[in-house]
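Shown next, in structure tokens, is the structure this report addresses.
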Amino acid sequence: MVTALSPLALVDCNNFYVSCERLFRPDLQRVPVVVLSNNDGCVVSRSNEAKALGIRMGQPWFECKALAEQHGVLALSSNYALYADLSNRVMRILSDFSPRTEVYSIDECFVDLSGMPDLRALSYRIRQTVLKWTGLPVCVGIGSTKTLAKLANHIAKKHPRSRGVFNDNDLSEAQRSRLFGRIDVGEVWGVGRRLSSRLAVHGIRTVQDLRQAHVPSLRAEFGVVMEKTQRELNGLSCIDLQEVQADKQQIIASRSFGSMVEDVDVLKDAVSMFVANACAKLRAQGSHASVIQVFLMTNRFRQDLPQYMPSLVVPLPQPTSDSLVVSRWAAHLVERMFRAGYQYKKAGVMLSGIAPQGRYQTDWLEPPQAVDTRLMDALDGLNQRYGRGTVKVSTQGAYTGWQMNQTCKSPDYTTDWHAMPVV
DNA sequence: TCTCCGATTAGAC
DNA sequence: CTAACGGTCTAATCGGAGA
């Protein structure tokens with residue numbers, strides 16, 4: 001008997017955001033549908049019908065809007081509360097299939113299938129179960145490394161004959177080199193557009209080319225990351241399964257505005273909202289931040305207008321996760337950076353110097369200050385129970401004029417009782 | 001020359 | 001009516017400042 005290589009599956013939802021929307025809108029089943037990014041800016045998810053029309057991933061909506069609407073494409077604003085909830089359900093189901101999983105993104109999960117018999121049948125069972133319990137279609141790719149599992153998943157998605165499952169370990173070396181010789185190197189996990197074109201200069205155009213590239217030259221020209229990718233493509237595992245999600249080292253909250261903003265009070269209002277969101281995330285992982293950065297940006301696509309992209313960083317006197325404390329600093333930074341006469345299009349808050357609460361270098365000269373978390377605890381509790389924004393910090397969203405466009409957002413079907421469809 | 005640090009780059013989704 | 005182009009996150013690498 002041949003010992004099976006430790007098989008790793010990548011389970012990836014098909015057209016995830018569009019599929020989520022269709023669950024509650026069966027009338028959209030065979031209609032071309034796209035989901036737009038925040039502020040209704042770019043296309044971030046496409047149904048197969050929309051892909052067939054040539055609408056590209058990440059394409060600005062205003063660019064393809066006319067053509068899309070001509071073909072009856074329905075464009076929806078993104079509804080992250082809905083997608084996050086459905087994602088959690090999918091991940092919970094997958095964790096029933098293996099004790100070792102890694103939630104890699106909102107719609108992807110690595111699943112360790114070591115020691116499990118009949119992987120093909122198991123993979124079909126995974127697909128069937130997720131489909132039956134959530135209504136969401138997924139594809140399963142299996143390989144002996146993460147990079148091969150990703151590639152296998154790509155093959156499963158691309159070839160209808162695979163019926164949504166592809167196992168790289170089932171290939172002979174001859175079959176593998178023939179297949180990989182027909183796949184563009186840009187399909188490899190970690191090889192984006194820039195690296196693709198740089199690799200092409202060196203004659204590396206297919207996955208097979210990359211597998212066989214001269215190791216020292218590859219290392220010298222493209223660095224360690226590319227060398228790891230190459231090893232992974234050859235079945236040598238270099239990227240471990242990360243079962244527990246590490247705490248964030250940096251937390252960013254930012255948004256483009258629905259329209260241009262010229263008023264400093266409106267900017268401060270927006271920034272107080274970003275602080276509230278960033279600090280809530282910080283508290284959710286039980287950390288404190290010691291550095292805060294605030295930035296403002298004019299519209300970089302409007303080269304006809306004067307550009308100004310200031311940013312200020314301050315170390316906080318004491319690490320904290322208190323929205324009120326951070327909010328005061330943020331407002332101060334906005335005041336300092338603001339220059340009248342510019343049309344601002346975006347702003348944001350970045351928290352860094354993040355460490356677990358109570359584990360940071362204390363200031364020897366200052367007497368230790370008692371940290372009172374009761375107010376923020378209560379705020380989080382209320383916002384969790386009664387919905388985000390029940391209790392606010394500062395003006396946080398009281399001003400209008402900066403909120404993002406969301407012309408066609410679906411109801412929060414699964415997370416808000418009031419949005420429950422009436423049967 | 002070495003080290004540290006912030007800025008930049010590239011990628012993923 | 002018109003203008004209209006996302007948000008977060010990580011790791012590696014680069015380049016300058018200071019020791």
Side-chain angles (χ1 to χ4, degrees), chain A residues 10 12-18 34-46 55-66 68-69 75 77-78 80 83-84 87 102-110 146-147 150 153-154 185-199 219-229 238-239 242 245-260 273-274 277-278 281-282 285 291 293 295 297-305 309 311-313 315 343 345-354 404-407:
Chain A
L10 177 69
D12 190 324
C13 302
N14 303 351
N15 312 336
F16 183 57
Y17 296 173
V18 165
V34 299
V35 172
L36 304 177
S37 64
N38 279 325
N39 213 24
D40 291 343
C42 299
V43 173
V44 290
S45 181
R46 306 158 294 159
I55 298 172
R56 297 192 316 277
M57 181 63 179
Q59 193 172 15
W61 175 234
F62 76 89
E63 256 180 43
C64 47
K65 189 177 181 185
E69 288 179 344
S77 306
S78 36
Y80 288 104
Y83 312 147
S87 172
E102 175 187 340
V103 178
Y104 175 68
S105 75
I106 195 163
D107 75 326
E108 282 174 76
C109 187
F110 288 104
K146 281 184 163 182
T147 306
K150 285 280 261 184
N153 190 284
H154 166 78
V185 73
E187 302 296 346
V188 174
W189 188 35
V191 180
R193 264 219 319 278
R194 314 244 171 163
L195 284 171
S196 285
S197 55
R198 279 179 57 206
L199 284 164
R219 169 68 190 260
E221 186 67 28
F222 296 94
V224 277
V225 180
M226 186 65 78
E227 193 186 347
K228 274 192 195 172
T229 297
C238 303
I239 308 170
Q242 301 233 274
Q245 161 129 45
D247 285 349
K248 303 265 176 270
Q249 302 172 22
Q250 175 181 266
I251 292 170
I252 299 173
S254 78
R255 282 285 176 286
S256 293
F257 304 140
S259 48
M260 306 278 212
M273 175 76 95
F274 303 150
N277 292 342
K281 275 192 208 168
L282 189 64
Q285 73 170 33
V291 175
Q293 178 170 3
F295 60 88
M297 289 171 64
T298 49
N299 187 345
R300 69 185 196 283
F301 295 105
R302 290 291 300 272
Q303 289 298 322
D304 54 318
L305 296 176
M309 304 170 44
S311 152
L312 280 178
V313 190
Q343 300 190 295
K345 180 62 177 172
K346 182 175 176 170
V349 171
M350 184 191 304
L351 303 177
S352 51
I354 292 176
M404 64 184 173
N405 298 320
Q406 283 188 306
T407 45

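Residue numbers begin at 1 in each chain, while the letters A, B, ... track the order of the sequences.
Under the rule for a side chain to side chain contact (heavy atoms under 4.5 Å, CB included), the partners of A:T407 that lie at least two apart in sequence or sit in another chain are A:D40, A:S77. Partners of A:R194 according to the salt bridge (Lys or Arg N to Asp or Glu O under 4.0 Å) rule, which considers only residues two or more places apart in sequence or in another chain, do not exist here. Considering only residues two or more places apart in sequence or on other chains, A:K65 meets the salt bridge (Lys or Arg N to Asp or Glu O under 4.0 Å) condition with none of them. In terms of the side chain to side chain contact (heavy atoms under 4.5 Å, CB included) criterion, residue partners of A:F62 (sequence neighbours excluded) are, by chain and number, A:P60. Considering only residues two or more places apart in sequence or on other chains, A:F274 meets the ring-ring contact (aromatic ring centres under 6.0 Å, His included) condition with A:W402. Taking A:W61 as the reference, nothing meets the ring-ring contact (aromatic ring centres under 6.0 Å, His included) condition, with sequence neighbours excluded. Residues satisfying the ring-ring contact (aromatic ring centres under 6.0 Å, His included) criterion with A:F301, sequence neighbours excluded, are absent altogether. Every residue meeting the side chain to side chain contact (heavy atoms under 4.5 Å, CB included) condition with A:R46, not counting sequence neighbours, appears here in chain and number order: A:V34, A:V43, A:A50, A:K51, A:I55, A:M57. Contacts of A:S37 classified as side chain to side chain contact (heavy atoms under 4.5 Å, CB included), with partners at least two apart in sequence or in another chain: A:C42, A:V44.
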Under 4.0 Å protein heavy-atom contact, by nucleotide of nucleotides 8-18 of chain C - B base, S sugar-phosphate only: SSBSSS-----
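Across all strands shown, A:D40 has no heavy atoms under 4.0 Å from either base or sugar-phosphate atoms. When heavy atoms are screened at a 4.0 angstrom cut-off, A:Q59 is found touching no nucleic acid atom at all. Within 4.0 Å of A:F16, counting heavy atoms only, lies no atom of the nucleic acid at all.
In this structure, a donor-acceptor pair under 3.5 Å is absent between the side chains of A:S352 and A:Q293.
Listed by first residue number, the stems of DNA chain C with at least three Watson-Crick or G-U pairs below 3.5 Å are B:1-13 with C:7-19.
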Can you tabulate the close N/O pairs, meaning under 3.5 Å, that link protein atoms to atoms of nucleotides 5-11 of chain B?
{"from": "B:dA10", "atom 1": "OP2", "to": "A:R194", "atom 2": "NH1", "distance (Å)": "3.1"}
{"from": "B:dG11", "atom 1": "OP1", "to": "A:G192", "atom 2": "N", "distance (Å)": "3.2"}
{"from": "B:dG11", "atom 1": "OP1", "to": "A:L195", "atom 2": "N", "distance (Å)": "2.8"}
{"from": "B:dG11", "atom 1": "OP2", "to": "A:R194", "atom 2": "N", "distance (Å)": "3.4"}

